[in-house]
Amino acid sequence: MIQSITDNYGTLFEEDLLQEIDLIGTYKKIPEGFELIKPGSYIKFMPLIIRGAIKILRGDNDGDELLLYFLEKGDTCAMTLSCCLGHHKSEIKAITETETELIMIPVEKMEEWTTKYKSWRNFVFDSYHKRLIEAIETIDSIAFLKMDDRLLKYLRDKTKINNSKIINTTHQQIAYDLHTSRVVISRLLKKLENNTIVKLNRNNIELL
């Protein structure tokens with residue numbers, strides 16, 4: 001496991017911290033579509049991503065959800081960090097976007113490492129900053145972008161995360177992530193296809 005840790009976090013953390021992560025961390029391989037964190041649950045482990053991607057969603061009282069941002073290798077989730085340090089229940093849902101490999105860190109190490117290792121403290125603050133910017137971008141897209149622009153941004157983000165122009169998803173799943181209806185998404189996808197921006201296939205969408 002130490003090689004994977006070094007490959008992904010070796011430029012961020014000092015050697016002693018890398019060795020501690022290897023000693024107390026638990027390696028997990030998670031299939032695509034697995035719910036890692038549920039709203040209302042207490043978080044006992046903090047994930048460090050070494051391969052794959054996770055999407056972070058916020059739900060409302062009616063069961064609808066909105067995609068906040070994606071996490072990739074080398075990332076962790078600021079909202080997870082906040083819940084860990086404050087011993088609060090989770091207010092987000094985390095689902096693996098692709099098959100994902102994680103190193104799970106017990107929450108009791110969070111505060112200890114923040115004091116003990118400068119590199120960990122910088123990593124935590126940097127994670128807060130990045131996730132805040134991404135959350136603001138999500139708010140901006142809702143407030144200022146038309147739905148067709150939001151959809152195109154979503155598709156481009158998905159191709160980047162999956163490193164493929166082929167997006168294996170359904171119109172309904174996109175509607176869930178963008179907090180709209182399937183009918184709206186289907187209509188806008190057809191418009192994008194007519195403009196030769198995407199190609200709609202039976203089980204996937206290709207970004208041209």
Side-chain angles (χ1 to χ4, degrees), residues 1-59 65-139 157-158 160-162 177:
M1 190 168 71
I2 187 64
Q3 189 60 52
S4 294
I5 297 169
T6 302
D7 290 345
N8 288 277
Y9 296 94
T11 59
L12 297 175
F13 301 148
E14 56 258 62
E15 183 62 29
D16 287 350
L17 178 53
L18 295 173
Q19 292 295 332
E20 268 208 71
I21 293 173
D22 183 53
L23 182 64
I24 61 94
T26 303
Y27 169 85
K28 297 278 188 182
K29 179 183 264 189
I30 312 293
E32 177 184 342
F34 184 84
E35 189 175 59
L36 285 168
I37 300 172
K38 298 180 180 180
S41 62
Y42 284 102
I43 297 172
K44 297 180 180 179
F45 294 91
M46 191 203 75
L48 296 177
I49 303 174
I50 58 176
R51 187 179 70 84
I54 297 171
K55 63 181 179 180
I56 306 298
L57 305 109
R58 180 82 164 93
E65 295 174 339
L66 174 69
L67 175 66
L68 295 180
Y69 48 77
F70 290 100
L71 300 174
E72 300 178 80
K73 68 177 183 176
D75 284 339
T76 192
C77 180
M79 293 188 179
T80 302
L81 293 170
S82 178
C83 291
C84 289
L85 291 173
H87 306 289
H88 301 306
K89 290 182 179 179
S90 172
E91 296 183 359
I92 54 95
K93 178 187 288 187
I95 300 176
T96 49
E97 174 72 11
T98 64
E99 183 180 76
T100 302
E101 295 177 41
L102 306 169
I103 298 173
M104 309 298 285
I105 306 298
V107 296
E108 55 266 22
K109 286 292 179 180
M110 292 283 300
E111 193 167 351
E112 176 189 330
W113 287 356
T114 301
T115 303
K116 186 176 180 181
Y117 296 111
K118 180 180 178 182
S119 65
W120 179 261
R121 187 164 60 251
N122 291 340
F123 174 68
V124 169
F125 290 153
D126 186 57
S127 296
Y128 275 120
H129 176 71
K130 286 180 179 177
R131 303 294 86 81
L132 175 62
I133 294 300
E134 288 170 334
I136 290 173
E137 288 176 353
T138 298
I139 294 170
D157 287 345
K158 293 272 280 188
K160 180 183 174 219
I161 289 292
N162 291 279
D177 287 346

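FYI, the numbering just counts along the sequence from 1.
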| field | Residues forming a salt bridge (Lys or Arg N to Asp or Glu O under 4.0 Å) with Glu32, sequence neighbours excluded | value |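 Result, salt bridge (Lys or Arg N to Asp or Glu O under 4.0 Å) vs Glu32: none returned.
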
| For Lys29, what residues pass the salt bridge (Lys or Arg N to Asp or Glu O under 4.0 Å) criterion, not counting sequence neighbours? |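 Result, salt bridge (Lys or Arg N to Asp or Glu O under 4.0 Å) vs Lys29: none returned.
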
With heavy-atom distances below 4.5 Å as the criterion, would you say the side chains of [X] and [Y] are in contact?
{"X": "Ile105", "Y": "Trp113", "answer": "yes"}
{"X": "Leu36", "Y": "Thr100", "answer": "no"}
{"X": "Pro31", "Y": "Glu99", "answer": "no"}

| query | Which heavy atom in Ile24 sits nearest to a heavy atom in Pro106, and how many Å separate them? | reply |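 Minimum heavy-atom separation between Ile24 and Pro106: CD1-CD, 3.5 Å.
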
Looking at residues at least two apart in the chain, or sitting in another chain, which of them share a side chain to side chain donor-acceptor pair (under 3.5 Å) with [X]?
{"X": "Asp16", "value": "none"}
{"X": "Lys55", "value": "Asp177"}
{"X": "Glu97", "value": "Lys158"}

| said: Please check if the number of heavy atoms outside Lys109 that lie under 6.0 Å from its NZ is greater than 12. | reply: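 Result for NZ/Lys109: enclosed.
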
Measuring from [X]:[atom1] to [Y]:[atom2], what's the distance to the nearest 0.5 Å?
{"X": "Met46", "Y": "Ile37", "atom1": "CE", "atom2": "CD1", "answer": "10.5 Å"}
{"X": "Leu48", "Y": "Phe123", "atom1": "CG", "atom2": "CZ", "answer": "5.5 Å"}
{"X": "Lys93", "Y": "Leu57", "atom1": "NZ", "atom2": "CG", "answer": "7.0 Å"}
{"X": "Ile56", "Y": "Phe70", "atom1": "CD1", "atom2": "CZ", "answer": "10.0 Å"}
{"X": "Ile54", "Y": "Thr98", "atom1": "CD1", "atom2": "OG1", "answer": "8.5 Å"}
{"X": "Thr96", "Y": "Ile30", "atom1": "OG1", "atom2": "CD1", "answer": "7.0 Å"}

| query | Using the ring of each side chain (for Trp, its six-membered ring), is Trp120 parallel, tilted or perpendicular to Phe13, with breaks at 30° and 60°? | reply |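 The rings of Trp120 and Phe13 sit tilted, inter-plane angle from 30° to 60°.
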
| query | Quick one: salt bridge (Lys or Arg N to Asp or Glu O under 4.0 Å) pairs with a partner in residues 115-126, sequence neighbours left out? | reply |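 Salt bridge (Lys or Arg N to Asp or Glu O under 4.0 Å) check on residues 115-126 returns Glu20-Lys116, Asp126-Lys130.
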
